[in-house]
Amino acid sequence: MIKTFVVAAATAIIATNAIAADIFVIGGKPDDPFWSRVKKGAEDAGKVAESQGGSVTWLGPQNYDNLGPDAAELIRQAIDQGADAIVGPDWVPEAMDPAFKAVVDAGIPLVIYNAGGIEAADRLGAMNYVGAVDYKSGYAGGEYLGKAGHKNGACVNTLPGAANIEAFCSGFNDGLAAAGGTGSVLQLPATAFGDATAVAQAVRAHLLQNPDIDAMFAIGDGDTNATVSGIQQAGKQGQVHVCGMNFNDSILANIQQGTQACAIDQQGYQQGFFAVSILNNHVMYGTTIPTREILTGPGVIDSSNVDLVIAGVEAGAR
């Protein structure tokens, strides 16, 4: 009887002290095509956390009109709700860094992903950075179009003030310049992001006012489709070639059909999956990853490999 009581008491203590990871992930709007893939990656990794009694909670803004302050508020919300670990992108450092520092000061493990790079992770005291390097992603697009012979490019920026978007455009212009071209920025208000009509009309007007432009770069899949539409409306199809961040079914079709030159892949699913997996294992077992910068891009999707990417999409792997 005494032996049974001791075993039962020990079991109760173990159960009481059982560790489980409640991980909060700050990301984009769930209906944003790119962020829906990031969210799926986070949730798939979260199935392991759930099997261990933990959870993954996604927090995203309603829109991108006030991105930095809204995201900072979501970070503080995660702290207030008792997060065991937090994942977040450092989109607007001046607005978001104080909130991230509050995470670290509270002793909550942090992984920066998607935006900010290893520089943000080091500055904030985060465990890791998971994602592409934004500048290099833009550079890859500019370099690709420059090597194809394009000389005058414009980056369509619909999220002015967001550090990762500014880095996309800076990288694009530098990549184009490295190949002998010249880049510029078509800056639109944040309300234009995801507004296909507004972006297409702005692109059309810009091309008609600047007939020497022969290359364009867009910061997301929705804006890329709108840029292709604007080029068509300006009567410039076949003359102005497009590369853009991320991809969806219509963008892959664009590349197959030749209405888009390339897409820059940063593997959003992997960003969500790896970030959550790292933190869950850290909370549960104290593990760390020696490689603190885990890069998921950039990769170039063009006519040479688009069929393989489409096969991956159909298999649910991309």
Side-chain angles (χ1 to χ4, degrees), residues 22-43 46 55-106 108-117 119-121 123-126 129-132 134 137 156-169 187-196 198-199 218-223 226 245-246 266 268 271-272 275-276 279:
D22 293 322
I23 302 168
F24 282 68
V25 183
I26 286 76
K29 294 165 54 183
D31 61 349
D32 181 319
F34 171 75
W35 283 102
S36 66
R37 290 194 290 276
V38 180
K39 184 172 183 284
K40 177 170 171 48
E43 290 174 343
S55 65
V56 169
T57 301
W58 182 272
L59 299 177
Q62 295 299 309
N63 55 58
Y64 298 132
D65 297 349
N66 195 34
L67 184 60
D70 286 350
E73 182 57 35
L74 293 176
I75 297 166
R76 294 187 176 94
Q77 182 179 330
I79 297 172
D80 292 343
Q81 293 185 16
D84 294 312
I86 293 176
V87 180
D90 199 17
W91 288 316
V92 186
E94 59 270 25
M96 298 174 67
D97 280 7
F100 279 131
K101 288 176 181 176
V103 173
V104 175
D105 289 346
I108 300 171
L110 171 68
V111 166
I112 300 296
Y113 79 146
N114 178 257
E119 296 82 5
R123 184 177 68 249
L124 298 167
Y129 173 73
V130 179
D134 303 318
S137 294
V156 184
N157 184 349
T158 53
L159 286 174
N164 60 321
I165 306 304
E166 303 287 350
F168 287 153
C169 288
Q187 187 157 297
L188 304 178
T191 52
F193 181 83
D195 185 335
V199 173
I219 64 167
D221 37 18
D223 282 357
M245 289 301 306
N246 311 324
Q266 56 177 322
Q271 292 180 16
V276 169
L279 284 174

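Gln77 places none of its side-chain heavy atoms less than 4.5 Å from the side chain of Phe24. With contacts defined as side-chain heavy-atom distances shorter than 4.5 Å, the pair Ile26/Pro89 qualifies. Using a 4.5 Å heavy-atom threshold, the side chains of Ile219 and Asn164 count as separate. Trp35 places a side-chain heavy atom less than 4.5 Å from the side chain of Asn114. Side-chain contact between Thr191 and Asp65 is present, with at least one heavy-atom pair separated by less than 4.5 Å.
Judged by distance alone, with hydrogens and angles left aside, the side-chain atoms of Gln266 form no donor-acceptor pair with the main-chain N or O of Asn246 at under 3.5 Å. Side-chain N or O atoms of Tyr129 include one that pairs as donor or acceptor with a backbone N or O of Ala132 at under 3.5 Å.
Around atom CD of Glu94, more than 12 heavy atoms belonging to other residues, nucleotides or ligands sit under 6.0 Å away.
Taking both residues in full, the closest heavy atoms of Ala99 and Ile79 are given as O-CD1, 4.2 Å, listed atom of the first, atom of the second, then distance. Closest approach of Gly60 to Leu74, counting heavy atoms only: C-CD1, 3.6 Å. Closest approach of Asp221 and Pro33 over heavy atoms only: OD2-CB, 3.6 Å. Across Ala192 and Val199, no two heavy atoms sit closer than the pair O-CG2, 3.4 Å. For the pair Gln271 and Tyr113, the tightest heavy-atom approach, listed with the atom from each and the gap, is O-CD1, 3.7 Å. Listed here is the closest heavy atom pair of Asp90 and Arg123: OD2-NH2, 2.8 Å.
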Checklist line | Test side-chain contact (heavy atoms from CB on, under 4.5 Å) applied to Ile112 and Phe100, step by step | finding: CA-CA 9 Å; Ile112 300 296; Phe100 279 131; 3.9 Å; yes
Item checked: Check against side-chain contact (heavy atoms from CB on, under 4.5 Å), Asp32 and Phe193 -> CA-CA 10 Å; Asp32 181 319; Phe193 181 83; 3.7 Å; yes
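From Leu279, atom CG reaches atom CG of Asp84 across 10.5 Å, with rounding to the nearest 0.5 Å. In this structure, the separation between CD1 on Ile75 and NZ on Lys101 is 12.5 Å, given to the nearest 0.5 Å. One distance of note links CD1 of Ile23 with OG1 of Thr57; it measures 9.5 Å at 0.5 Å rounding. The CD1 atom of Ile86 sits 11.5 Å away from atom CG of Asp22, with the distance rounded to the nearest 0.5 Å.
Under 4.0 Å is where a charged nitrogen must lie from a carboxylate oxygen, and between Lys39 and Glu43 at least one such pair does.
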